[in-house]
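Please read the structure below before turning to the comments.
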Amino acid sequence: AEGPKAWTATAREILRQMEHGLDSIRRMKANALLHGLLAEIVALRYGDIRPAPSERARKVDQAYRLIRWMEHHLAESFTLADLAGQLHASTDYVNDLFRTVTGQPPMQYANRLRVRRAKSLLADRTLSVQDVSGMVGIADPHYFSRLFKKIEGVSPSQYIRHLHRL
């Protein structure tokens, strides 16, 4: 189903995904749809240079599986090798897979998931930064604070103070 009508439908689906907010799964789906759309346009112009749809779908499915695994294991410390073990693949393959599907390396993606989860935990005013750090799989609260600030632009303590003002 290639051509302008299919492209319009794909573009509408991308916009629909964006209208519902871009959590990690929707962002990946929109990203995959956009890559597919661009591949079809390039194929029309320069010849068919895309991977088979089943290959693209397999890669997206593998990335989804790893993201779900990460979300269920955020309280644990895990490595790129642990992720590779989930797919029975090499660390290079997992790194390339994640970069292709999500646009970022897997451990960077995991850190963003950790910080996202930490933000919701910090909203519980009974938990300390140290408690939250451990709950998202980061044993060193100082490292957690640096990572949080790098991703969010404010320290966890500043984030908590901002929440209290709301």
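Hydrogens, waters and symmetry mates are skipped; everything else that's a heavy atom, side chains included, is used.
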Quick check: closest heavy atoms across [X] and [Y], and the distance to 0.1 Å?
| X | Y | value |
| --- | --- | --- |
| Y93 | S90 | N-OG, 3.0 Å |
| A63 | L97 | N-CD2, 4.1 Å |
| L163 | A123 | CD1-CA, 3.7 Å |

Determine whether more than 12 heavy atoms belonging to other residues, nucleotides or ligands lie under 6.0 Å from atom NE2 of H72. no
Solution key, residues 79-87 side-chain donor-acceptor pairs under 3.5 Å, sequence neighbours excluded:
residue	atom	partner	partner atom	Å
T79	OG1	A81	N	3.3
T79	OG1	D82	N	3.2
T79	OG1	D82	OD2	3.2
D82	OD2	T79	N	2.8
Q86	OE1	W69	NE1	3.2

How far does [atom1] of [X] sit from [atom2] of [Y], to the nearest 0.5 angstrom?
| X | Y | atom1 | atom2 | value |
| --- | --- | --- | --- | --- |
| M107 | R112 | CE | CZ | 13.5 Å |
| Y109 | R99 | OH | CZ | 15.0 Å |
| R68 | L66 | CZ | CG | 9.5 Å |

Find out whether [X] and [Y] are in side-chain contact, i.e. whether some heavy atom of one side chain is under 4.5 Å from a heavy atom of the other.
| X | Y | result |
| --- | --- | --- |
| L127 | M135 | yes |
| H162 | R165 | yes |
| M70 | F78 | yes |
| S145 | P156 | yes |
| P106 | N95 | yes |
| L113 | R116 | yes |

Hits for side chain to side chain donor-acceptor pair (under 3.5 Å) against D124, two or more places apart or cross-chain, chain-then-number order -> T126
Sequence neighbours excluded, which residues qualify as ring-ring contact (aromatic ring centres under 6.0 Å, His included) partners of F148? F144, Y159
Take R114 and I138 through the side-chain contact (heavy atoms from CB on, under 4.5 Å) test and state the conclusion after the steps. CA-CA 9 Å; R114 291 181 196 282; I138 301 174; 3.9 Å; yes
Ignoring hydrogens and angles, tell me if any N or O in the side chain of Q158 forms a donor-acceptor pair with the backbone of S155 under 3.5 Å. yes
Using atom types as modelled and distance alone, determine if a side-chain donor or acceptor of R117 lies under 3.5 Å from a backbone N or O of E71. yes
